[in-house]
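Naming convention: chains lettered A, B, ... in sequence-line order (proteins, then strands); numbering from 1 in each chain.
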Protein chains: 2
Amino acid sequence: MTSDPTALAPMANAIRALAMDAVQAAESGHPGMPMGMADVATVLWSRFLKFDPAAPKWPDRDRFVLSAGHGSMLLYALLHLSGYQQPTMDDIRHFRQLNSPCAGHPENFLLPGVECTTGPLGQGFAMAVGMAMAERHLNAQFGDDLVDHRTWVVAGDGCLMEGINHEAVGLAGTLGLGRMIVLWDNNKITIDGDTSLSTSEDVLARYRASGWHTEDCDGHDFADIERAIAAAMADDRPSLISCRTVIGKGAPNKQGGHNVHGSPLGKDEIAAAREYLGWTAAPFEIPEDIMANWRATGDAGRDLRSEWEARLAANPQGPELMRRMAGELPSGEEAGRIFGEWLGKTQNIASRKASELALEVLTPLVPEMVGGSADLTGSNNTKTKATTPFGPADYAGRYVYYGIREFGMSAAMNGMALHGGIIPYGGTFLVFADYCRNAIRMSALQHARVIYVLTHDSIGLGEDGPTHQPIETVMSLRMIPNLQVFRPADAVETAECWNLALASPQTPSVLALTRQNLPQLRHDGAMLSAKGAYRLVSANAARKVVLLATGSEVAIAVDVAKALEEQGIGADVVSMPSWELFEAQDAAYKADVIPADVLKVSIEAGTTFGWQKHVGDGLTIGIDSFGASAPAPVLYDHFGLTAAKIVPQILERLG
Amino acid sequence: MTSDPTALAPMANAIRALAMDAVQAAESGHPGMPMGMADVATVLWSRFLKFDPAAPKWPDRDRFVLSAGHGSMLLYALLHLSGYQQPTMDDIRHFRQLNSPCAGHPENFLLPGVECTTGPLGQGFAMAVGMAMAERHLNAQFGDDLVDHRTWVVAGDGCLMEGINHEAVGLAGTLGLGRMIVLWDNNKITIDGDTSLSTSEDVLARYRASGWHTEDCDGHDFADIERAIAAAMADDRPSLISCRTVIGKGAPNKQGGHNVHGSPLGKDEIAAAREYLGWTAAPFEIPEDIMANWRATGDAGRDLRSEWEARLAANPQGPELMRRMAGELPSGEEAGRIFGEWLGKTQNIASRKASELALEVLTPLVPEMVGGSADLTGSNNTKTKATTPFGPADYAGRYVYYGIREFGMSAAMNGMALHGGIIPYGGTFLVFADYCRNAIRMSALQHARVIYVLTHDSIGLGEDGPTHQPIETVMSLRMIPNLQVFRPADAVETAECWNLALASPQTPSVLALTRQNLPQLRHDGAMLSAKGAYRLVSANAARKVVLLATGSEVAIAVDVAKALEEQGIGADVVSMPSWELFEAQDAAYKADVIPADVLKVSIEAGTTFGWQKHVGDGLTIGIDSFGASAPAPVLYDHFGLTAAKIVPQILERLG
């Protein structure tokens with residue numbers, strides 16, 4: 001760590017040079033933010049940030065989140081300059097090229113020093129809230145010796161203007177996350193032009209209204225930046241520091257304008273910038289003295305990590321912390337055996353209730369589970385005895401009252417999962433997956449084990465009507481890559497799906513659960529849901545029909561099968577709690593469960609769109625319009641989802 | 001309009017009685033909000049709101065938005081009591097039953113007095129911003145004589161806590177929408193319990209930070225409510241009035257607690273409430289004197305409407321205002337003919353550019369079009385010469401700089417469309433449809449003609465990487481009922497799709513447009529996109545293959561067809577800009593375009609999920625993983641979307 005302030009300017013210029021040269025080489029990218037925030041980032045990384053380039057996954061490192069992810073070259077430059085193994089200078093030369101870890105936006109799965117993927121605006125900030133929650137939680141559970149770090153965010157105007165920012169700010173303020181510090185790149189420029197085109201907000205006043213501490217500094221005055229950061233660290237509220245910056249600082253003819261935001265400076269302007277900055281090194285070369293100063297920024301962190309490692313070795317809780325951070329379950333199989341007992345019972349309950357019962361078993365066994373709901377605790381059935389409220393009064397608590405903040409909740413859960421040491425789950429109504437859809441996508445993209453408890457999963461919720469009734473929601477989630485969508489048919493399947501979700505460290509899961517009661521259909525078979533789909537009922541008469549159904553409609557399919565059998569028509573019932581897991585089975589299994597030579601009929605209280613994949617030119621029974629407001633049984637009849645209305649259609653098809 | 005303040009309490013109690021009795025009869029619903037806000041609503045409707053029960057669609061009426069839509073009985077009671085033809089008392093008795101217009105949440109398509117559908121929290125408020133924008137815009141264009149009304153909102157804590165509220169508040173503050181007044185039901189209760197569980201925000205300070213005027217009143221003191229509303233009306237900024245209320249006011253043993261929010265009071269508590277309120281009438285009966293006072297609330301509005309009708313008849317701009325309010329296009333067919341000229345040109349341009357050129361033609365012809373973008377104007381190509389900036393400096397302007405507020409923009413567009421007189425269109429990147437997905441769903445549910453210009457519609461955007469590359473987005477939009485999703489293949493199709501979108505008064509549209517240039521493929525044929533799918537290229541050799549493609553992949557399909565023909569294999573190319581319009585064609589047309597006896601191959605740079613509907617067990621060429629960061633041509637090759645990589649797969653299938 002250099003203590004010479006005159007060294008900082010050349011260090012910052014090294015960031016600027018890399019940013020402008022990499023963007024130019026790629027012929028695309030965003031030089032404005034890295035050049036504008038170079039001074040702030042240099043102060044943070046050289047004076048305050050706790051990190052060890054040799055150990056990017058050190059559990060007690062500070063988390064640094066570049067929420068304004070389009071400025072990815074800032075992060076790549078910082079990681080390279082400070083001595084991380086990756087990215088190499090060659091990686092930076094290949095910025096935005098296939099197979100370079102220096103992607104257009106930072107991707108956590110490509111580069112170890114990237115804490116989270118920050119393409120979609122506002123979510124980095126909101127994920128940082130989750131990271132800061134995770135830190136306080138693990139600190140409360142494991143003590144200052146093992147967990148004692150900060151979460152830093154660099155955010156732009158876009159991050160602050162997005163709706164999710166309001167949710168994240170409110171959550172952080174209420175939870176008193178004083179170890180979260182946001183550096184706002186206050187450059188008064190957005191893509192469309194001056195910020196006054198679209199906002200007149202007093203940002204600092206808004207943050208103060210939500211219980212934040214605020215600071216203001218000249219983002220190009222090293223001493224002032226240092227003062228502001230120190231003041232933020234000294235305050236026990238979350239802090240927002242307005243860093244007044246010039247976008248593209250260092251590009252003499254373009255800085256301060258919106259055209260420097262998202263396209264290469266061009267060769268002439270780069271030459272002018274080199275002269276303006278006094279930067280004489282060739283592209284992608286960093287003078288030795290400047291590099292030496294950068295490499296020294298990791299020194300303090302290296303020492304701190306050694307001390308931490310010693311404390312970890314001496315601490316009896318050390319292995320437990322490391323187990324959680326590694327994402328290994330304590331006793332998943334044991335939990336699975338416990339659910340096996342449910343086969344012998346008869347629980348005719350809503351799957352949201354079955355989920356609650358499963359959680360009552362799981363949450364004491366899996367202490368890293370942290371639950372919550374976006375103000376629907378009693379409806380989502382997400383709270384258990386083991387999960388007491390999380391907040392300033394008790395950060396060891398394991399239940400978060402997220403408020404009416406679906407998107408903020410989901411992003412915070414991503415942050416907790418990515419921080420490590422926590423398996424977050426949270427609830428809302430399934431239809432409001434729309435409100436947090438991009439965060440669900442980000443769980444999947446980032447390989448974050450987040451479990452979404454989405455109840456009231458069809459017209460079966462009844463009277464609340466079409467705005468609350470998912471029609472296309474389940475199907476639209478099934479098409480997100482690396483997302484497991486579970487729609488269990490009864491209590492047993494619900495328990496199985498909870499196990500499968502927990503046992504998927506690289507994959508988020510959605511549990512689509514009913515409001516209404518369901519008959520228990522399964523009384524034998526171990527973990528059949530793991531196959532994604534399985535034969536629940538085998539045809540008695542010669543098989544002519546295979547009924548495919550999920551969730552609450554499996555019971556209807558069973559009724560349909562009975563009615564067909566009474567007419568001498570053999571019908572299998574296949575329960576299909578997870579399309580993704582079924583897709584992963586081998587061809588023989590799939591062909592056995594869904595054979596070629598029979599009429600296939602899908603029954604699901606949602607869009608029929610997509611079922612053709614499994615039923616071919618068979619029958620698709622579902623709902624392709626919006627729902628309606630009425631009691632659930634009335635709606636099931638109205639939309640034709642009863643055995644009495646389905647059987648004649650099948651008979652007609654069979655001719 | 002009664003001028004006797006002692007009359008107000010019984011009037012408010014009439015609302016309470018209807019709310020508790022209707023919820024009880026339905027055995028579901030939300031009595032807490034209607035009972036808590038009954039006093040405020042009574043003051044507003046009897047003293048301030050401009051409405052005429054005989055003319056629910058009167059263009060110059062005040063708009064009243066019940067953003068906290070779960071309190072729907074408040075609105076149904078107000079409409080019935082004040083003398084609207086609907087709902088009848090019988091409708092109210094059938095609250096939450098199938099075919100009653102008194103649905104669980106207010107639905108604009110069921111009941112004329114419902115300005116918008118307000119189930120999903122936060123969106124009513126944000127739609128009201130759009131209504132207030134529409135009012136100012138039409139006022140600037142048609143003058144005070146014809147357009148001069150206010151937009152009122154009743155909002156709860158949920159509306160204010162949702163992220164979209166931040167976007168709506170920021171937009172309204174920046175745009176200076178002084179004729180918007182929000183009555184906040186500040187009851188300190190959410191579903192999970194006391195608001196302090198999840199928020200510590202100083203709400204009024206936050207609003208002031210965004211340029212709003214704020215007031216505070218005792219929500220059960222008629223004089224204080226009246227004072228606060230009058231003060232809000234006198235201020236030229238948008239106003240938030242904190243109405244301190246007791247949730248479920250009037251239910252003596254339950255009021256003030258969260259259990260009164262969302263379930264029936266029960267017979268005993270209803271009896272206690274009747275006694276507490278001194279309400280002796282039978283359920284669903286309103287004493288004559290109270291009803292007379294309620295019916296008088298519409299008197300002033302009736303007179304105002306008569307005067308307005310006279311001014312309308314005398315105003316030369318009257319017919320034009322009424323045309324716009326009726327949603328009739330001025331010259332859509334003429335615009336269509338103009339696009340016909342494009343057939344003779346060769347425009348090898350991005351479809352986002354083609355969209356801009358189409359808009360340059362359309363926006364002067366269709367003056368009710370109001371455009372905008374969520375801070376991506378130069379990328380979405382949404383601004384035209386005819387659309388100058390909209391804002392306090394010029395409300396006659398037709399281009400909105402929405403800022404980085406996708407959800408807020410979309411809801412505001414819904415509000416504008418529902419206000420009437422405007423056809424809104426707005427842009428963002430296609431992948432960020434996720435950020436506003438529920439507002440798109442609400443466009444569809446509400447039959448609102450909103451046009452979403454969603455550019456950068458595939459991996460073809462290149463280097464920005466997987467967070468910016470839609471994979472599942474187009475397909476997931478196709479499954480929303482009553483939404484037209486267009487993915488045009490070239491400039492001509494883009495123009496056609498714009499025409500089709502404009503010509504659909506009851507249906508919103510999404511235009512999925514490319515960043516990258518596309519060759520012009522169409523040089524003849526009139527409005528073929530109206531069929532949804534059509535044969536662009538007919539097989540030369542004996543037809544063995546039909547290639548189905550959309551957007552940028554149609555050109556690839558053409559290349560594939562050429563390569564197949566060179567091997568003597570006949571192949572049709574079908575361009576399929578709209579699945580929804582194709583679905584609406586007759587069976588013969590569909591069978592002609594997608595015949596049974598050939599190999600069907602879909603080619604689309606997105607998920608293959610769903611294509612089975614059209615290709616059966618044919619080939620689906622697409623992308624079922626997330627994208628990557630690299631130049632577009634590299635990505636197309638990497639993901640196998642080139643003729644060179646597709647042709648061998650087809651040959652293998654043909655055997």
Side-chain angles (χ1 to χ4, degrees), chain A residues 28 96-98 103-105 119-121 158 161-164 166-167 170 173-174 190-192 197-202 205-206 209-211 375-377 401 403-405 407 434-435 437-438 445 463-468 472 475-476 479-481 607 609-610 612-613 625-626 629-630 634 638, chain B residues 28 96-98 103-105 119-121 158 161-164 166-167 170 173-174 190-192 197-202 205-206 209-211 375-377 401 403-405 407 434-435 437-438 445 463-468 472 475-476 479-481 607 609-610 612-613 625-626 629-630 634 638:
Chain A
S28 85
R96 294 182 151 240
Q97 306 307 309
L98 197 64
H105 292 80
L121 287 179
M161 220 184 284
E162 289 284 3
I164 191 174
H166 170 51
E167 300 184 12
T174 304
T190 71
I191 290 175
D192 273 0
L197 272 179
S198 57
T199 181
S200 54
E201 180 186 320
D202 178 343
R206 171 167 70 95
S210 284
D375 198 48
L376 289 168
T377 295
Y401 289 104
I404 302 139
R405 303 183 179 107
F407 200 5
D434 278 4
Y435 272 54
R437 184 172 169 92
N438 202 264
L445 179 62
E463 293 87 345
D464 275 344
T467 53
H468 284 55
E472 74 287 9
M475 198 64 85
S476 77
M479 57 180 60
I480 296 179
T607 185
F609 194 117
Q612 293 80 11
K613 173 169 182 169
S625 63
F626 289 111
S629 172
V634 175
H638 175 71
Chain B
S28 85
R96 293 182 152 240
Q97 306 307 309
L98 196 63
H105 291 81
L121 286 179
M161 221 185 283
E162 289 284 2
I164 191 174
H166 169 51
E167 301 185 13
T174 305
T190 71
I191 291 175
D192 273 2
L197 273 178
S198 58
T199 182
S200 54
E201 179 186 320
D202 179 342
R206 170 166 73 92
S210 285
D375 198 48
L376 289 169
T377 294
Y401 288 105
I404 302 139
R405 305 184 179 108
F407 200 4
D434 278 4
Y435 273 54
R437 185 174 169 90
N438 202 265
L445 178 61
E463 293 87 344
D464 275 344
T467 52
H468 283 55
E472 73 288 8
M475 199 64 85
S476 77
M479 58 182 58
I480 296 178
T607 186
F609 194 117
Q612 293 81 11
K613 173 168 183 171
S625 64
F626 288 111
S629 173
V634 175
H638 175 71

Of the listed residues ([options]), which shares the most heavy-atom pairs with chain B below a 4.5 Å separation?
{"options": "V634(A), L121(A), I164(A)", "result": "L121(A)"}
{"options": "A205(A), S629(A), G119(A)", "result": "S629(A)"}
{"options": "M475(A), R206(A), Q97(A), H638(A)", "result": "R206(A)"}
{"options": "D202(A), N438(A), I480(A)", "result": "N438(A)"}
{"options": "T467(A), D375(A), T174(A)", "result": "D375(A)"}
{"options": "S198(A), G104(A), G158(A)", "result": "S198(A)"}

What option among [options] has the most heavy-atom pairs under 4.5 Å with chain A?
{"options": "F626(B), F609(B), Y401(B)", "value": "F626(B)"}
{"options": "G610(B), S625(B), G465(B)", "value": "S625(B)"}
{"options": "G173(B), S200(B), G211(B), G170(B)", "value": "S200(B)"}

* Asked: Quick one: are M161(A) and E167(B) in side-chain contact, heavy atoms under 4.5 Å?
  -> no

* Asked: Within a strict 4.5 Å, meaning less than it, do heavy atoms of the L376(A) and I191(B) side chains meet?
  ->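 A side-chain contact exists here, since the closest heavy-atom pair is under 4.5 Å.
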
* Give, as side chain, backbone, both or neither, the part of T607(B) having an atom under 4.5 angstrom from any heavy atom of chain A. =>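 For T607(B), the contact with chain A is made by the side chain alone.
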
* Asked: Are the charged groups of R96(B) and D464(A) less than 4.0 angstrom apart, N to O?
  -> yes

* Asked: Quick one: ring-ring contact (aromatic ring centres under 6.0 Å, His included) partners of Y435(A), sequence neighbours excluded?
  ->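 ring-ring contact (aromatic ring centres under 6.0 Å, His included) list for Y435(A), sorted by chain: F432(A), F407(B).
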
* Asked: Would S476(B) and R437(B) count as having a side-chain donor-acceptor pair, cut-off 3.5 Å?
  ->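 A pair is found: one side chain offers a donor N or O, the other an acceptor, under 3.5 Å apart.
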
* **Nearest-0.5 Å distance that lies between atom CE in M479(B) and atom CD in E472(A)** => 8.0 Å

* Interchain contact, H105(A) with chain B, by part (heavy-atom threshold 4.5 Å) ->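 Both parts, backbone and side chain.
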
* Structure fact -> Residues passing the side-chain contact (heavy atoms from CB on, under 4.5 Å) test with S210(A), sequence neighbours excluded, are V169(A), W212(A), E201(B)

